[in-house]
Amino acid sequence: MPSSLTCAQDPPATLDTVGLVDQRLGNAGTSGSAPILEDGDVDPWALPQLKDTGQSWKGKVAGDIFKDNVVLSNPVAGLVIGVLGTVLVQSSSTSSSIVVSMVASKLLTVRASVPVIMGVNVGTSVTSTLVSMAQSGDRDAFRRAFGGSAVHGVFNWLTALTLLPLESAAAPLERLSALALGAASLQPGGRAPDILKVLTRPLTRLIVQLDADVITGRGTGNATNSSLIKRWCGTEVQTTAGNSSTCAAATGGPCPAQLPCRHLFEGTALADLAVGFILLAASLLVLCACLALIVKLLSSTLRGRVGQAVSTVVNADFPSPFGWLSGYLAILVGAGLTFALQSSSVFTAAVVPLMGVRVISLERAYPLFLGSNIGTTTTALLAALASPSDMLISAVQVALIHFFFNLAGILLWYVVPVLRLPIPLAKRFGDLTARYRWVAVAYLLLSFLLLPLAACGLSLAGSTVLAAVGGPLLVLVLLIILVAILQRHRPAWLPRRLRSWAWLPLWLRSLEPWDRLVSRCCPCKACSPPQAAAKEAHCYENPEVLASQQL
């Protein structure tokens, strides 16, 4: 470095050095209990900073929404927020760790976090559904793949809808976790290991880096107008300190100089909200591309003798009378692999294509998915053990609630073979989507986006509005299900008019009118039913064609 350069010289003019240094000094003394994740990841539950002439949503205002339970006072709102949050981040491990961090930071109470944890469990099944869509080109493969993804989603929805009213009325999960904590002696642990982050951190740091000090300030109410995007990543000591340097004369040695961060959004003029939307769109695009590549890779690799050998090993059962142990061993395998991967989404994304190519059966994939739900709870538990001492008990209790929730689901829908309802329901979904492919898109949008958004809007309007609108709809759905079951098994118990749906308009009892409408709006091959299905329907509807064919 030239000798004429002093340590008092400004950095390059492309960065507003003085302003940024002043902002960092203003935030240097802030401290609080807002959740700060590793590498300064932004808390997706916090609202972005808005610039308007009204009340600013910065600082403590965003945290007070959760701390005062304005939004999460309604269990339905907590459930749908957990679903939508997990759909956005595509990781139940990340979402559950965020909830645990919020409880540890006193932004969320234990009772208010229980519905959010249930929603996290439901939202994680969206990844397997997206993976199954990549096999929509083959009718039979799509039937099996979508049925496999549906069995995971149906299980999570049934468990959440069953336990949410019980938890709101009697709080059994909260009490059970409190009893388990009472019998244990806990000490704060270290930081939770994250195997995948070690591999992905070098790439993500080149894309964007976030300022942890600003996140802390916003959570504690001492926030400024600083951007969340990190611009300074440390200091560097100047190698030459001239006698004319004011800094060197004051300190008696070399002066530090600010080092700018090196990432894609360095020095950007975009607002934090704009950067967030750009990153969200890019991450979803990369996710879909990676899922499609996983499907293609597994489909091309596990064919022929290799696929037959793997299928024989995976679907093997213990000799009689110990055949029932095979499913429970699959649960342990699913939990162990998910713990090793630290991501249930990655595990389910690998299982679904294997179902499409006939390597894993639906009956064997079901316990694997249940074990994956158990394995993903370990991430939140490890994150809870790294909480501060004063909030260790509450954070660990939330992690245990997540574990007991999934364990209760296994007890409800797997232990008793008759109650394994997700399997026949998933087969029904698979058969339906094999004939009407647009049903898969409708299921994806309704289950993970439109219905959660509608329920969240009604719950925010008030409990009275939610009960007035949602109550009659829920009763109507339950009555339709009850009548359909009686029509199939006990039609004599019903009035003559209700023994069939023939009295209803065709568009209320059949998907054919909707299929014709979708075919007109989307005249593409992917939206139309397979040719084989249309040919079969033509043959069955025309006896003359059948009679003319040689059998």
| query | In terms of ring plane angle, is the pair Phe429 and Tyr443 parallel, tilted or perpendicular, where the classes change at 30° and 60°? | reply | tilted
| Taking it one step at a time, do Leu482 and Leu478 satisfy side-chain contact (heavy atoms from CB on, under 4.5 Å)? | CA-CA 6 Å; Leu482 178 61; Leu478 294 178; over 6 Å; no
| Would you call Leu173 and Met118 a side-chain contact if the rule is heavy atoms closer than 4.5 Å? | yes
| message | Testing the basics here: between Ala440 and Thr433, what is the closest heavy-atom pair and its distance to 0.1 Å? | response | N-CG2, 3.8 Å
| said: Determine whether Ser128 and Thr348 satisfy the following criterion, side-chain hydrogen bond (donor to acceptor under 3.5 Å, both in side chains), listing intermediate values before the conclusion. | reply: CA-CA 6 Å; Ser128 57; Thr348 56; 4.9 Å; no
| field | Non-hydrogen side-chain atoms of Leu453 and Val80 separated by less than 4.5 Å | value | no
| Any side-chain donor-acceptor pair under 3.5 Å between Thr124 and Thr86? | no
| request: Examine distances only and state if a side-chain atom of Arg143 and a backbone atom of Ala434 form a donor-acceptor pair shorter than 3.5 Å. | output: no
| said: A side-chain contact here means heavy atoms from C-beta on lying under 4.5 Å apart; do Ile331 and Tyr328 qualify? | reply: yes
| remark: Output for pair (Leu158 CG, Leu412 CG), nearest 0.5 Å, gives 9.5 Å
| said: Tell me if a side-chain donor or acceptor on Asn156 pairs with a main-chain N or O of His152 at a distance below 3.5 Å. | reply: yes
| note | The reported gap from CG in Asn406 to CD1 in Ile374 (rounded to nearest 0.5 angstrom) is 5.0 Å
| Under 3.5 Å, is there a donor-acceptor pair between the side chain of Trp503 and the main chain of Ser500? | yes
| query | Can you find a heavy atom in the side chain of Val114 that is under 4.5 Å from one in the side chain of Arg111? | reply | no
| query | With a 4.0 Å cut-off, would you call Arg175 and Glu167 a salt bridge? | reply | no
| request: Grab the two heavy atoms, one from Leu84 and one from Pro452, that are nearest each other, plus how far apart they are. | output: CD2-CB, 4.0 Å
| task | Just do the side-chain contact (heavy atoms from CB on, under 4.5 Å) check on Thr377 and Asn373 with the steps written out, would you? | result | CA-CA 7 Å; Thr377 61; Asn373 283 355; over 6 Å; no
| query | Is the side chain of Ser149 donor-acceptor paired with the backbone N or O of Phe146 at a distance under 3.5 Å, no angle test? | reply | yes
| query | With a 3.5 Å cut-off and no angle check, do the side chains of Thr338 and Ser372 form a donor-acceptor pair? | reply | yes
| field | Spatial distance of atom CZ (Arg358) from atom CG (Asp140) [nearest 0.5 Å] | value | 6.0 Å
| Under 30°, 30 to 60°, or over 60°: which ring-plane class applies to Trp438 and Tyr436, parallel, tilted or perpendicular? | tilted
| task | Would you sort out whether Thr378 and Phe403 count as a side-chain contact (heavy atoms from CB on, under 4.5 Å), showing the intermediate values? | result | CA-CA 8 Å; Thr378 57; Phe403 172 77; over 6 Å; no
| message | Between Phe347 and Phe369 (judged by ring centroids, cut-off 6.0 Å), do the two rings come close enough to count as a pair? | response | no
| Between Asp317 and Leu325, is a side-chain contact (heavy atoms from CB on, under 4.5 Å) present by the stated rule, with each step listed? | CA-CA 8 Å; Asp317 291 328; Leu325 289 175; over 6 Å; no
| Is there a side-chain contact between Leu486 and Pro491, using heavy atoms and a 4.5 Å cut-off? | no
| task | Indicate yes or no for a side-chain donor-acceptor contact from Arg499 to the backbone of Gln487 under 3.5 Å, with no hydrogens or angles considered. | result | no
| Could you state the interatomic distance from CD1 (Ile485) to NE2 (His489), rounded to the nearest 0.5 Å? | 7.0 Å
| field | Main-chain N/O of Thr159 paired with Thr162 side-chain donor or acceptor, under 3.5 Å | value | no
| Close side-chain approach of Val475 and Leu479, heavy atoms under 4.5 Å | yes
| field | Short side-chain to backbone donor-acceptor contact, Ser510 and Leu506, under 3.5 Å | value | no
| task | Count the heavy atoms belonging to other residues, nucleotides or ligands that lie under 6.0 Å from CZ of Arg428, then report whether that count exceeds 12. | result | no
| Closest non-hydrogen atom pair, Val154 against Pro422 | CG1-CA, 3.9 Å
| said: So, taking the atom named CG in Leu362 and the one named CZ in Arg364, what distance separates them when rounded to the nearest 0.5 Å? | reply: 11.5 Å
| Side-chain donor/acceptor of Ser326 to backbone N/O of Gly323, under 3.5 Å | yes
| field | Minimum heavy-atom distance Pro115-Ala112, with the two atoms named | value | CD-O, 3.4 Å
| task | Give the minimum heavy-atom separation between Ala145 and Val352, together with the two atoms involved. | result | O-CG1, 3.6 Å
| field | Pairwise side-chain contact, Trp324 with Phe318, heavy-atom cut-off 4.5 Å (strictly under) | value | no
| task | Give a yes or no answer on whether the side chain of Ser447 reaches the backbone of Leu444 with a donor-acceptor pair at less than 3.5 Å. | result | no
| query | Has the side chain of Thr129 got a donor or acceptor atom that lies under 3.5 Å from a matching backbone atom of Ser125? | reply | yes
| Lys/Arg cation over aromatic Tyr414: Arg420, 6.0 Å, 45° cone | yes
| request: Looking only at non-hydrogen atoms, find the nearest pair between Val87 and Gly123 and report the distance. | output: CG2-O, 4.2 Å
| Looking at CG of Leu163 and CG of Leu79, how far apart are the two atoms once the value is rounded to the nearest 0.5 Å? | 11.0 Å
| task | For residues His402 and Thr376, determine if any side-chain heavy atom of one lies less than 4.5 Å from a side-chain heavy atom of the other. | result | yes
